[in-house]
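Worksheet: the structure to be examined is printed underneath.
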Amino acid sequence: MMDIKYIRDNAEKVQQNNVNKGYGNLSVEELLDLDNERRDLQTQVDELREQRNQISAQMKNGKPDQDLIDQGKQIKIQLSEREEYLRATDEKFMELLKKFPNMALDSVPVGLTEDENVEVKRVGDQPKFDFTPLNHAELAIKRGWLDQERAVKVAGSRFVYMKGDLARLEFAMFQFGIDTLTDPEKIREIIEGAGLTGKVSEIPFTFVLPPAVAKTAVFEATGRLNRAETTYKIEDEDLWLNASAEHTLSPMYLDEILDEKDLPIRLVGYTTAFRREAGTYGKDTEGFFRLHQFNKLEMESFTTADKSYNEHLFMVAIQEYLMAQLKLPYRVLEKCTFDIGRPNAKGVDIEVWLPSQNKYRETHTADYITDFQTRAMKTRVRRENGDLKLAHTNDATAFSERPLIGIIENYQNADGTVTIPEVLRKYMGNKEVI
RNA sequence: GGAAGAGUGGCCGAGUGGUUUAAGGCGCACGCCUGGAAAGUGUGUUGAGUCGAAAGGCUCUCGCAGGUUCAAAUCCUGUCUCUUCCGCCA
């Protein structure tokens with residue numbers, strides 16, 4: 001959620017940001033009108049309550065006074081009318097305010113389609129094959145690793161059974177990710193490699209197995225509840241299935257005041273993610289590129305405002321490190337204003353090279369969210385100087401299932417086998433090929 | 001899922017309609033006292049909104065949401081969470 005005080009002071013800039021992020025229909029003027037109305041009403045209500053309290057205080061000492069009781073009754077009537085008006089105005093105000101997107105940093109490229117995303121760099125060589133490479137779905141089905149037909153029978157389209165060595169490889173990859181993120185030595189190595197020494201904390205991540213559901217109000221506070229297109233609701237419960245561990249990690253400190261000396265809090269959470277994928281019919285239907293259900297390892301961190309930007313760069317560095325360790329060819333994109341998403345101030349995507357599609361496809365996102373989530377969640381920090389400030393959150397993918405697609409396509413051999421990336425072999429019984 | 005009990009400032013805990021602007025204690029912060037400390041002692045110590053240059057004023061906040069009343073931590077209704085017991089269960 002945006003800071004109304006910031007909007008009051010920066011009306012034009014906020015309106016321009018709305019336009020840049022594809023929310024040009026949201027009017028700052030309309031919001032500020034509601035804000036003024038709301039504050040006027042609040043003052044009126046406060047004054048009436050003050051009168052009521054004064055009358056009540058007079059009544060404490062002596063016997064009940066009919067005159068005071070009558071005055072109190074008058075105030076009660078006026079107050080309930082004003083309060084109702086205030087409640088309705090406040091509701092309209094909040095409804096509109098919650099729709100406002102976070103301010104994009106000035107460095108974020110302005111653009112209203114994903115074509116405006118800017119490629120920052122390419123890393124790793126695209127493999128050359130002396131045979132015609134299969135796409136990941138063909139290969140996985142051929143090897144008995146993927147059963148879509150039976151999944152359709154049981155659960156419907158966009159669900160799969162993942163089996164055998166591919167399923168094992170997935171857990172190997174996740175274990176590799178967990179081992180890396182919880183290892184102080186590896187964290188230091190990544191920070192050094194990214195030139196962030198002294199700029200970010202060197203404390204490792206804590207591995208978390210979080211709930212996979214969140215209550216409506218909590219999910220809304222994350223700014224990620226998208227009823228129409230993404231999120232599944234559990235019938236007869238006030239619960240939604242998470243579409244990422246972010247949705248249950250970021251609200252962990254809801255309504256809490258954190259101590260600065262305990263920061264940063266770095267978490268890496270594993271859950272199964274559920275997405276309705278409404279509006280993507282016909283897109284990426286082959287294999288397991290876009291499913292209603294997939295597993296994901298997600299990073300989340302809580303910092304003070306002055307540390308959060310470097311924390312974001314650190315998370316991107318981690319993502320690059322993981323991809324580089326797997327020796328997958330990838331590229332890094334600076335996402336444009338439209339593509340970074342409503343809660344983001346900045347966003348980076350990492351895409352893996354897919355030989356079958358002859359292009360790079362998204363595997364990782366890093367979200368720089370500033371205080372947009374913590375304002376709604378009331379997650380604050382007691383600074384060392386005693387100030388109370390909103391915490392900042394950063395959120396980023398460690399591994400989803402998509403890098404597996406990159407692995408089996410880039411590491412495939414002519415005979416249909418797949419060479420296992422070196423760093424994963426120890427998790428696969430030291431096998432070199434599956 | 002059923003039954004009973006309980007939710008009060010950072011923590012413990014008093015409080016069954018108006019001397020509560022939430023007693024008292026612990027912890028914490030800053031003083032006084034002391035050669036220094038302990039003890040003692042004084043002041044302060046939830047968070048939010050709003051007005052104000054500031055000092056400060058006003059309002060709200062006793063799990064949450066409604067209701068009764070001139071007046072609610074206190075009475076009523078709903079709901080959530082926790083504890084104990086029962087049932088079910090990986």
Side-chain angles (χ1 to χ4, degrees), chain A residues 1-9 31-98 209-221 233-240 248 251-263 265 270-272 302 304-305 371-391:
Chain A
M1 188 169 68
M2 281 286 281
D3 181 2
I4 183 61
K5 285 176 194 155
Y6 180 87
I7 298 175
R8 281 176 204 152
D9 295 341
L31 183 76
L32 292 182
D33 284 349
L34 281 169
D35 180 43
N36 284 326
E37 194 180 345
R38 177 183 72 111
R39 283 194 287 169
D40 278 353
L41 286 164
Q42 185 69 58
T43 304
Q44 291 172 29
V45 165
D46 284 354
E47 281 168 359
L48 284 167
R49 282 175 177 162
E50 185 180 0
Q51 288 174 38
R52 179 192 66 188
N53 291 346
Q54 279 169 2
I55 287 169
S56 189
Q58 287 175 52
M59 206 107 62
K60 279 177 191 171
N61 304 320
K63 293 172 187 172
D65 178 316
Q66 191 55 47
D67 209 41
L68 288 176
I69 289 175
D70 290 343
Q71 281 183 50
K73 282 186 177 173
Q74 275 306 309
I75 288 167
K76 187 182 178 175
I77 292 163
Q78 291 176 52
L79 190 56
S80 70
E81 184 261 338
R82 291 282 94 178
E83 278 176 334
E84 173 53 29
Y85 194 12
L86 172 63
R87 194 201 55 74
T89 306
D90 202 52
E91 197 174 293
K92 266 195 282 183
F93 167 78
M94 284 304 293
E95 202 180 313
L96 184 56
L97 178 61
K98 281 179 181 172
L209 291 170
V213 295
K215 299 173 188 175
T216 305
V218 175
F219 214 133
E220 258 175 2
K233 173 85 163 60
I234 297 181
E235 202 181 359
D236 298 331
E237 300 282 344
D238 180 37
L239 292 173
W240 301 76
T248 51
M252 263 182 88
Y253 301 97
L254 188 79
D255 222 9
E256 289 189 42
I257 297 172
L258 304 170
D259 211 324
E260 181 170 2
K261 69 174 165 39
D262 297 329
L263 298 183
I265 294 173
Y270 172 85
T271 60
T272 301
F302 299 83
T304 51
D371 58 12
F372 192 81
Q373 290 178 327
T374 53
R375 181 168 295 105
M377 297 188 292
K378 299 189 178 66
T379 300
R380 289 153 297 172
V381 186
R382 181 71 68 188
R383 299 298 303 260
E384 267 153 19
N385 64 9
D387 286 356
L388 192 61
K389 299 287 184 189
L390 289 169

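Every heavy atom of this structure was used, including side-chain atoms; hydrogens, water molecules and symmetry mates were not.
When the P atom of B/C70 is taken as reference, atom CD1 of A/Ile55 falls 12 Å away, rounded to whole Å. Atom CG of A/Asp255 is separated from atom P of B/U61 by 16 Å (rounded to the nearest Å). Atom CZ of A/Arg49 and atom C1' of B/U59 are 7 Å apart (whole Å). For the pair A/Lys215 NZ and B/U81 C1', the computed distance is 8 Å after rounding to whole Å. In this structure, A/Leu48 places its CG atom 11 Å from C1' of B/U59, rounding to the nearest Å. When rounded to the nearest whole Å, the span between CG of A/Leu86 and C1' of B/C60 equals 11 Å. Distance CG (A/Leu79) to P (B/G67): 12 Å, rounded to an integer number of Å. Taking atom CG on A/Asp90 and atom P on B/A65, their separation rounds to 13 Å, with Å as the unit.
The pairing partner recorded for B/C58 is B/G49, the criterion being a Watson-Crick or G-U wobble arrangement whose two distances lie under 3.5 angstrom. As the counterpart of B/C85, B/G2 is assigned, both hydrogen-bonding distances of the Watson-Crick or G-U wobble pattern falling under 3.5 Å. Nucleotide B/A37 forms a pair with no other nucleotide shown, judged by Watson-Crick or G-U wobble geometry with both contacts under 3.5 Å. For B/U20, there is no paired base (Watson-Crick or G-U wobble, both distances below 3.5 Å). The nucleotide B/C11 finds its pairing partner in B/G25, both defining distances of the Watson-Crick or G-U wobble pair being shorter than 3.5 Å. Shown here, B/U77 forms a base pair with B/A65; the pair counts as Watson-Crick or G-U wobble because both key distances fall under 3.5 Å.
B/G27 has its base anti relative to the sugar, with a glycosidic angle deviating from 0 by more than 90°.
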Restricting both atoms to N or O, compile the protein contacts to nucleotides 71-79 of chain B shorter than 3.5 Å, with distance only.
| unit_1 | atom_1 | unit_2 | atom_2 | d |
| --- | --- | --- | --- | --- |
| B/A71 | O2' | A/Ser56 | OG | 3.4 |

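Between B/A71 and B/U21, the two P atoms lie 16 Å apart (nearest whole Å). Here the separation of B/C85 from B/A14, taken at their C1' atoms, is 30 Å to the nearest Å. The P atoms of B/C86 and B/G78 are separated by 27 Å, rounded to the nearest whole Å. B/U74 sits 8 Å from B/C62 when the P atoms are compared, rounded to a whole Å. Comparing B/C75 with B/A6, their P atoms sit 11 Å apart, to the nearest whole Å. B/G1 and B/C11 are spaced 35 Å apart, taking the C1' atom of each and rounding to whole Å. The same atom, C1', is picked in B/C60 and in B/A22; the two are 15 Å apart, to the nearest Å. Look at the C1' atom in both B/G67 and B/U83: the space between them is 29 Å, to the nearest Å.
A/Lys378 is listed as a side-chain neighbour of A/Asp255, based on a closest heavy-atom distance under 4.5 Å. For the pair A/Leu239 and A/Lys215, the minimum side-chain heavy-atom distance is below 4.5 Å. With a 4.5 Å cut-off on side-chain heavy atoms, A/Thr379 and A/Asp371 do not count as touching.
A salt bridge between A/Asp35 and A/Arg39 is present, with a side-chain N of the basic residue lying under 4.0 Å from a carboxylate O of the acidic one. Taking the charged nitrogens against the carboxylate oxygens, A/Glu83 and A/Arg87 have no contact shorter than 4.0 Å, which rules out a salt bridge. A/Arg38 has a carboxylate O that lies under 4.0 Å from a charged side-chain N of A/Asp90, or vice versa, which qualifies the two as a salt bridge.
Going from atom CE of A/Met94 over to atom CG of A/Leu31 covers 10.0 Å, rounded to the nearest 0.5 Å.
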- Task: Give the B/S/- string for nucleotides 47-53 of chain B, one per nucleotide from 5' to 3', where a protein heavy atom under 4.0 Å of the base yields B, of only the sugar-phosphate yields S, and otherwise -.
- Result: SSBSS--
- Message: Please evaluate residues A/Ile55 and A/Arg52 with respect to the criterion side chain to side chain contact (heavy atoms under 4.5 Å, CB included), reporting the C-alpha separation (whole Å), side-chain torsions for both, the decisive distance (0.1 Å), and the verdict.
- Response: CA-CA 5 Å; A/Ile55 287 169; A/Arg52 179 192 66 188; 5.9 Å; no
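By the side-chain hydrogen bond (donor to acceptor under 3.5 Å, both in side chains) test, A/Asp3 pairs with no residue at all, sequence neighbours left out.
Counting heavy atoms of neighbouring residues, nucleotides and ligands inside a 6.0 Å radius, atom NZ of A/Lys233 exceeds 12 of them.
A donor-acceptor pair shorter than 3.5 Å cannot be found between the side chains of A/Asp40 and A/Gln44.
Summary of the strand contacts: A/Glu47 and A/Arg87 both lie near RNA chain B, and taking for each the nucleotide with the nearest heavy atom, the more 5' one is attributed to A/Glu47.
A/Asn53 comes within 4.0 angstrom of the backbone, heavy atoms only, and of no base.
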